[in-house]
Every structure is written in C-alpha cells, then in structure tokens.
Amino acid sequence: MTVMTFVALSAPLVGAASLFVPGVNFLRRWLTAVSLSLAAIAVVASTPHQSSSGLWATDRLGWLLALASLFIGLCVCQYAIRQFNEEQRGRRILAASLATISGIVATDLARTPAALIVSWIFTSALTVVLLRVSEPGRRGRLSDSIAFISFAVGDSILLIGTAIAYFLVGESFASMDLATRMHGTGATVLLAAGTLAAVVRSGLTFRRSWVTDTINVPTSTSALLHAGVVNSGALLLWRLHELAGNVIAIDVGLAVLCVAVLVDLAPKIHARVDLKGQLAASTVAQMAFMLLAMALGFPVLAVTHLIGHGIYKASRFMSAGGATQQRARLRRRLPRGRVLSVPVRSVGVLGLVAFAALIGANIHPNGAVVMGVFGPAAAVLWWSRTGTPVRAAMITWIAVLATLAFYGCVLIAVGGFIEPEVIASSSNSPWWTLGLVILVVALISLRRRHVPAVTTIAVASSATSAPFIEDGVAA
Amino acid sequence: MIRSDFASLIDVSSSFVGALWPLDRAVAVNPLLDRLDDDFPTALSELERQLGVPLWPSRDHIAEAVRRGLGSVGDDDDGYCEETPHARAGTVLERSLGASSDAARHAQRMVGQVILEAVSAQGESSLDVLTRACAVLEDRASWVRGSIRQRAQVGALIRSENLEGLVGRIELLDDESIVAELSAHFARLPGWAAWAKWSDVWRRQPHPSVLSRRDFLTVSLAVDLAILAAHPGSNLAPPSLVVAPSNEAGQRRLRHLESMVHTPLLHALRTEAAIEGTPRWQIVMCIDVRSEPLRRALERSDDVETFGFAGFFGIPALVRPIGEREAHESLPVLVEPSVTVSGGRQRSDVSDAVVAIGGTFAELTHEPGAMFALAEGAGWLTAPWMLARSIGMTRARSFTGDVGEWALEASDPTALAEGALRTMGMTSNFASEVVFVGHSSSSRANTHYATLDCGACAGHAGGTNAIVLADLLNDDDVRQALASRGIDIPRSTRFLAGEHDTTTEEVKLFGGSSFELHDLFTGATNAVAMTRTGGGNLGRSRRTLRRRAGDWAEIRPEWGLAGNAAFVVAPRSSCRGAKLHGQCFLHSYDPSTDEDGSVLQSILTAPVVVAQWINASYYFSTVAPDVLGAGDKTLLNPVSDFGVISGDDPDLRQGLPWQSVASGNRPWHLPVRLLLAVEAPLARTGTLVRDEPTVRRLVEGEWIRLVGREGPASPWREWTSKHGWALS
C-alpha cells in the first residue's frame, strides 16, 4: 500500500474520529470537507497501475470508483451537516457516514482477496451502524435489523466461500493480486459465494429488501446508501471475475435472477405512490439491471451505470422535499402548444436513434452496447412525452439529444480509461444479445410479465453469450 | 336500537378529528375545531383519551421558559408529574386481540396502505375510492401487506357490505357505541381521518385525490373484520364508553407556562405618543407575527404609520392566474370567495421548457422505458449541479404570486373598498402614499412551504390581493363612490402594493414607487435581517438569509409563526415601538371610529379565529409531534403533491414538522393558548363575549385567554366566566 492509498483510506476515518474531539463541533463542516477532499486528492495523486503489491492499491477501475464514491460522499455529508445543524444526532450520523465512505473506498481500492473481503464486511457492518444511529426509533430499528440479517446471510456465504477457496488454494490465496487468475473448484466456489453476496448487497429479494427499508432513515443516510453502498455488488463481481474468471452456470443463474427481479419489480415501482418509496424500489431494479449487464458480459455498461445511477439517486433523495412544490406547479399548469403529429414524432424518434447509433459506432466497443440501450430508451421517452400537448418540444428533444451526446462523451472517457481492465469484452458477445436485453426491458416496460418469455430470453442470451467470453486474462 | 342516521353518527365521531389541507395550500388548523362547544380542558382530555398521548405542556417546556428568564419552576411540588393518559381507545380488532398485538399493527398498516394507494392514484382513474381500493387489494403489484386470501376477504367485504352493514356485524346496539367505535377508527389513522374530514367538509374545489369519511371507515372496518375472521376464538369486545378524567396537573402546568409567556408581552404594550398630523406614508401589513419586527423598524421614522390587517386585505378572491388550469382561493378558509381575480404574467417559452425538462428528468425514476438508461445519463449530467447545491451555492427561488396585470370581477367593488378601509380604521387622514404589503416566503426542498405563506390567503402569497386593493382605490370612479359614503380620499394620495418575503426579509414593491419609499423599506428590512441573524455584518446577514431560502438541505428556512402567543387588537399607538419579538398578531383598531362595535365584532369573529387556529396548530404540533404534528422532517416522504408520510408509515402526517417548533432537542415554541388583548371599552368587549356565539365559545370555553383595557392608561383586566373583568 502506498502512502497516498493509506491517506485515501484513513482520511475519512480520521475525519470521523475528529468530530468527537471536544470543542470542534463548530468546525465539522470544514473537518468533513477537508478529510474527504484529502482522500480524493490522495486518490488523484495515486497513479492507477495494473499490478502492485499490497492489500490496497489503485488500478484504473478502483481509481475511478473511489473518486466517484468520494464525490458523492462529499455532497451527501455537506448536505447532512446543514440538515442536522443543531441536532446532537448529527455528529453521530456524520461520523458513521464518513466511516462508511472509508469502507466503500477501501472496497474500491482493494487489490487482494483478503483486502476485498475485509473491506466488504467492514462496509456492511458500518452500514448497519449508520442505519442504527440515523433513526433509533422503532422503524429505524426494523430497518437496521433487516439490513443486519441480509448482510449477515450474504457476507457469511462470502466468508464461507472465501474460506473454502483459501483451503483449496493455500496460504497464497489471501495475498494474491486480483489480476492473478485462479482455476479449479476454489474459483467456482468463490465466484458463486461472491455472486450471492453481491445479490444481497444489491437488495435483490422478492419480499422485503433492506434497500426499500432505507426510507425509514433521514434523507442524507438514504442518499448515501443508495448511491454508495448498494451498488458495490457490481464491483465485487468485477473483482471476482478478474480473479476467478467466468463460470457459465453462475452467469446464467445471475441473469435469470436479475430478470426475474426486474419482471417482479417493474410494475411495483409504478404502484408505489410515495416518492422515496419509488426511488428505493427503482434502485433495486437498477441494481438488477446492473448485475444483468455484468452477467451478460457488458461491464462498461455496468460501471457507467453504477456511477451515473449513484449521482442521480443521491440528488433525487436530497431534492425530495421539493417534489411537492414541483408536482403542484406541474399539475396546475395548463398544457400549451399542440400535440405533435405522428410523422413529426416519428422523425424525432428516428433522429434520436440515429444519433445514438452514430455515437455508438464511433466510440469504444462497449459504448456501442451502451448506446444500443440508450438510444431506444431516449426514443421511448420522447414518444411518451410528446403524446400530450407540448410547447417546447424542440427544446425537450435537444435536451434528450444533449444527454445522449454527453453520455457518449462519458463513455469515451470512461470506457477508454478502463479498457485495459475490461475482463469480458462485449465485443465477444453476439450482437443480438444486446437486442435480447432491450427486448427484456421493453417487455417489462409494457407491464406485462411474460415470465416464461423473459426467462427464456435471459437464459438463452446468457448461455449463448457465455461461450464467447474468453476465459482468459484481461486484455 | 340504532336511532340516528349514519351521516350524523359519522359527524359526531369525527368531531375530534381536525382537517388536513393539501400541502400546496396548507393552512394551520385547530384539530379540535369542531369541539368548541366543549371547554378546552374537557375537549383536550377527551382527545388525550382518543389518541392515547399527553397533550399538555411538559416539564421540558417549563424548563425552557425558565431558561429564557421568563419565570421560575414554581412552588407547587405535585404540579409537574408527567401524567400518562390512558392508552388509545382501540378499534374492535384492537380491543379483541390486543392493541399491541401483531394483528393490530398489521391492520393499521394494511388500512393505511390500501387508502394510500387507492387515494393517491385516483387522479389517473375515474373510479371511486372503494372500487380503487378493491383493485389495489387484487393487484399483486401493490405494496399492501397481507396474504392473497386476506386481501381477497377484505375486497369481498368492501364490495358486499356498505358501512352500515359492516357496523352491524360488530353488533353495536346504540349510537354511543357506534360513535365510540367509529372514533377509534379515526384515531387509529389520524392523518387520513383529517384528510377525509377536509374532503367532506372543507373542500370547495375539485381535487384528484379525495377520500370521504364513509369510505375511510368502510375500508378500516373491512380490514378489521377480515382479520378477526381469521381468529375464530376472539370475542368482539364492546367499545369503552368511559369519560376522560380531567387532567388537573396539566391545566396547572399550562396556566403557569402562560403566566410566564403572556405577562412580559402585556408589560411591553406601553403607549407612545400618537403621530401628530398626517404621516407621509401609511403602510398596511398583515397581522402575521412576522410583520411585527418589520413594522417596528419602519416606525423608527416619524413619517411612517403602520396598520395591521388580515393579509387578504378584504378581497375574498378566487384567483385565476394566466396559464393555470386551476384557480386558487386567496382568503381565509372560513370565508367563501365572492370575487374573482384573473390575470398575472404570461409564461415564457423558456419557462415552459425548463419546467418540461425538469419534469421529464424528475419522472425518470419510474418511467418504464427510460429509467434503466436515461436515469444514469442524467446522473452524470447533474453532477456539477449536485456539487453546487451541496456546498450551498444556490440562490433563493421565490414562489410568490405572479407580478402582472390583474382584473377584478366583483358585483360591488366600492363595497369591497369601503369594507376594507373601515375595518382598517382608515377613513380619513390619508397619507400621500399608502402601501398595502402582503407577504410570502421562499424555500427550496420544503414540503411545508405553503405554511410559511399567508394563512389569510389560504396558504398563498398575499401580493395579488394587495395589488387588487391598491388598483381599486386608485380608481377615480371608486373614489367618487367612496366620497359619497363618507370616505374622502385626497387626489394626492396614491395607493401602492408590495410583498414581504418573510424568509429573506426583502420587500418587493409593485408598480412605480418613490425612491424615498424604496429606501425606507430597504433600511427597515436591513435592520430586521441583521436582528434575525444576530447582528454583525449586513452583507453576511443578507447572504445567510438568502442561503437559507435557497438551500435544499435547510430544514428550517425561517421560524414561521413559531413563538406566536398573543393577538392584540388596539390602536398602533398602544404598541408602537414595543419589542414583541415576533410573538404577537397585531390588528389595528380605533374604538373612536367604531361606534356600534361592528368592526370589533368582525375582528373577533374572523381574524381572531384564524389566529386561534394557527396557535392551536403550533400548540398540538409541539405537545404531540408524532400524532398531531408531522414529526421528524428528515423522514418526510412526499405523496403526490398533497401530503407527506413518514418513511414507509402509510398514515398521512398533519400539523407542522418537529424542526418548525424545536431547535435540536430544545423546544422553541412554547405551547400556550392565544392571549387576546383588546383595547376597547370593556363594556363593548364584554357584550361581544356574552352575545356573539363565536367569541363566547372561544372565551368562556377557555380556548383563548381574554384581557382588555379601556384605554392606553388603564390596567389590563382578564375576563373570567365567573367574575367578568378582573384585574390581571
């Protein structure tokens, strides 16, 4: 571990501890900002490199995710400071938040199985602590109990899998770099256990999920958990795939599970009438989509989704209080303008799809996959919004186009940056796999379950894409 | 034998339920507004029994008053024990299976969840609530807990039986028992009960998410009966009909707290010499407690005379802004609108585009076709914006009424103008510039934003009413008509309008105004801004107030009406310059211009009632924050655009959030009844107490305390029902 990595991991913890020093409470805004900024500077200063010795080190993926985690953490903590300005619980919540951010960053930067598992479990424990101190009332206790049970089950499975792998591989297992490829039964067991742990962390359960229960804690805590903790599952899968390769059965099983969750949950999101409940339920759906992307071999899609979703969710939670005003204004407004004709709407749709295809054709191979999902999504959104009288249709069209363009730029940057570490290139998956993913989403969007159809699609796409995924070292 | 019709029984059983207005037009309400025929201690004790929570001030409130130097704890050792009232009188299921049983908790959640989903989605459907409720129970995608069988049983009961039939299954034999049972159902989910009360009794315009009390009770009873059917051995325990005992200790505590809070206010009401001659400016502001500091600052200039008047300025308007599909009321909710005001400012294309784009991206959460992809794209795009907001780089956004041209439709505009001027006591001696200043607020990410706006304008900004009255009085035809009625307005007098933003302490003047007037308001608002932020640097004070108004993390942009304690009806000279610390509603009243007492009567029967509602709302939000208040604001979870729940607890929250009445763990608002201080001939006031039903109920029923004095040099006397006026 380098000095910078040590600073990145420890600065938030020092910040958390300093909040309890007598007489410095009035400085907590600066203490928090400085500790997280210091951590971010340390990460920036660490040169991402492929292999390194030490438990924690920065590779490209870890570097990017750690910066994103610290960015989200900084925004959420500054929000929390002002929200709990005069309240005694503010100090406890802030300290627990900083510690949790430290755990998330440690997971991002872990480079050995031991570091990864320890960071993972450390983050789980801190999440439960954060839930407990955020809302000590009856509902909060229920939330942290559900989280505790979920993490206890998931992390126990992970520990057992790790122990079995350690037993089979030997002492070198704990300290081997994640870029080293394991083979054999140990790899399979580890991957299976890690997949289950990722599923639990992502809240992919059919009944009560710890993720949906996070709406019983203050807004800042919900924002941090939805933006920083819940999406670590994709990272865990990425790291374990690095280490253990791909196992067809596990990927197929994960894909089927994700599709089943999406099918089950999609209509429920729409049935949820409270804003935070919608946000929480959609997080679970988004996590299912992210893990589905990993299972089908679209890792860049998963990573960009992880970061983009985190920022989106954090900002939506933090602005939840303004939803009443916003919705009241929207409801009172008389729609002006006119309904666009079908040909005009169709031209708009074609324009968006063509633009997405143009971007996808000219950027990173994984970007083509992403644009293949974005383009139709943008088109569907445009079509549904222009079905009612709209005055500023062109401006809305441009805004959607700008989002696509901006996201294209993001893909160029992110995809190109982490390309050397992509362990399962989407170019190895058949092109029609992407179409199947889109079809799954479309069927769900129509709010028809079609369980047999979508399950078949998921199984087929996973099974047929798996042989094309190289069971080899990252490019 | 059931004797009365069910509608009457529902009315009686919901008499302990307040009313909950939609959040976009929220007004402060007395939860016991239908129990004024009882005296306050009796009504409060009964409400305690219904809800199972203490409703008197606690030891913490006394300690806070002592900490502020208002008095001492008191010598009465046995006065401050924290008496715990009885547990909530339960519904038939709670009585039969136990109020703390899993089945009881499950029933409460189930009822709340069914109603939440059925009512909130109503706007998208033309079906009635009960049909929607059945659909929710059948929909496997709904979030209602309960087995499929149980949900089917509830749905079957709702479809097959009406409310009378469901009550009949409980075998209640008389009206008293039925009322007790129905009351228990309302008390189990007080938020939805209050929403149903508003829908049935107070709603005057269409709303997409209404719920009747009958439908509420039908769902509640159906759930109870379905769950009870699954417990075959359970006996249907009859409702308890005990009378709530009087809480003597609580009453003593309240009186002690009131003596600590009210006495300094009365002592502060000293008399200054009245302004000689005609002032240069006369400024009429709302009676709101937040106007008092600004009025005091304005009156540092001897050229200024201020008046307090209800913020709707005598214009009971239904306002139709350009470009909006709904009209909104801008008057006290106790009054029906009798005039229409239309106009405002045309929306720009840019404004439309911003709203359209914002709405599009805000709905991505559950937009089926887009949420899996565009949400993350929007996330990357919003990163800089999120960072800016998180570190406080925001600007205040005001939701005041649109500036622009407003047209008044009234059958007799002159009568409106005359009524407003006479009630203000402004019938002669007009200044060269008379300014009507309504008020509004600015906040971002605040679910209870409307509670900071003008309560006299039904939770909206008061600028529109001010503009309309000013335009009316500037009209030559109206002036001519007023002259014929004895109100002679000089040609040199000009009426202006403005709006006071109580969050940022800024005043916006509409239309052309003199530089001196502008400077006057600037100086006054600067002084108030510095006082609010503890003095120091003006620039820093201004930045602090604007930051609070525009900060999405700020849970308390301003204190609102926290601290309200008294309503003063008197000439301004009786309290000009008095430091009342924003605790008093101030209504101008000149007894010499009110020979028949009609003006005093109109003040005591309308603005005082509104103020009593506000006072009661703050009182109950302080003493029972988890039942009659909205609780912890950080947990609030918006439902559509009309209400909030707390986390995933399905009951609507009423009242004010905890952070609006407390600072950290310390109480800020001290729960006392409203003190009504009237400077008028005691005989006149006494006559109104005896003869005017509204006033009698409030005073004799001890809902408010009444003190009066003949004139500025007289001592204050308190009205008691036994002895009339006694020295206080």
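Here is the naming used below: chain letters follow the sequence lines, and residue numbers restart at 1 for every chain.
Annotation: maximal heavy-atom pairing with chain A below 4.5 Å, among B:Val136, B:Leu23, B:Asp632, occurs at B:Asp632. Per-residue heavy-atom pair counts under 4.5 Å with chain B were compared for A:Ala402, A:Ala323, A:Ser319, and the maximum is reached by A:Ser319. Each of B:Ile645, B:Asn637, B:Val644 has some count of heavy-atom pairs under 4.5 Å with chain A, and the biggest count is that of B:Asn637. The residue among B:Ala553, B:Gly664, B:Gly647, B:Pro22 with the most heavy atom pairs within less than 4.5 Å of chain A is B:Ala553. For chain B, the option among A:Glu135, A:His309, A:Glu87, A:Arg272 with the highest count of heavy-atom pairs below 4.5 Å is A:Arg272. In terms of heavy-atom pairs under 4.5 angstrom with chain A, the leader among B:Ala662, B:Ser142, B:Ser640, B:Ala450 is B:Ser640. Considering only heavy-atom pairs separated by less than 4.5 Å from chain A, the leading option among B:Gly643, B:Ser646, B:Pro650 is B:Ser646. When the candidates A:Gln88, A:Met318, A:Arg331, A:Gln78 are compared by the number of heavy-atom contacts under 4.5 Å with chain B, A:Arg331 comes out ahead.
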(message) Go through it in stages, so that I can follow the logic: the residues are B:Arg547 and B:Glu554, the test is salt bridge (charged side-chain N to carboxylate O under 4.0 Å, His left out), and I'd like the CA-CA distance, side-chain angles, deciding distance and then a yes or no.
(response) CA-CA 9 Å; B:Arg547 180 199 64 73; B:Glu554 180 61 62; 3.6 Å; yes

(message) Working note: B:Trp195 + B:His207, criterion ring-ring contact (aromatic ring centres under 6.0 Å, His included); need CA distance, chi angles, decisive distance, verdict.
(response) CA-CA 12 Å; B:Trp195 179 254; B:His207 193 279; 5.5 Å; yes

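Contacts between B:Trp143 and chain A at a heavy-atom distance below 4.5 Å involve the side chain alone, from C-beta outward. Both the backbone and the side chain of A:Val273 come within less than 4.5 Å of a heavy atom in chain B. Interface remark: B:Asn665 contributes side-chain atoms only to the contact with chain A (heavy atom separation under 4.5 Å). At a 4.5 Å heavy-atom cutoff, the contact between A:Leu74 and chain B is made by side-chain atoms alone. Both the backbone and the side chain of B:Leu635 come within contact range of chain A, judged by heavy atoms closer than 4.5 Å. Only the side chain of B:Arg556 comes within contact range of chain A, with at least one heavy atom under 4.5 Å from a heavy atom of that chain. Heavy atoms of B:Ile555 lying under 4.5 Å from chain A belong exclusively to its side chain. The part of A:Phe406 that comes within reach of chain B is its side chain, from C-beta onward, which places non-hydrogen atoms under 4.5 angstrom from that chain. For a residue to count as touching a neighbouring chain, one of its non-hydrogen atoms must lie under 4.5 Å from one of that chain's; by this rule A:Ala288 does not touch chain B.
No donor-acceptor pair closer than 3.5 Å links the side chain of A:Thr221 to the backbone N or O of A:Val217.
Within the 4.5 Å cutoff, the side chain of B:Val639 has heavy atoms near those of the B:Leu116 side chain. Within the 4.5 Å cutoff, side-chain heavy atoms of B:Trp385 are placed close to those of B:Thr382. Between B:His448 and B:Leu636 there is a side-chain heavy-atom pair separated by less than 4.5 Å. Looking only at side-chain heavy atoms (C-beta outward), B:Gln113 and B:Asp648 stay at 4.5 Å or farther from each other.
Salt bridge B:Asp651/B:Arg653: absent, no basic N to carboxylate O contact under 4.0 Å. Using a 4.0 Å cut-off between charged nitrogen and carboxylate oxygen, B:Asp24 and A:Arg332 count as a salt-bridge pair. Ion pairing between A:Asp264 and B:Arg140 fails under the 4.0 Å rule for side-chain N and carboxylate O.
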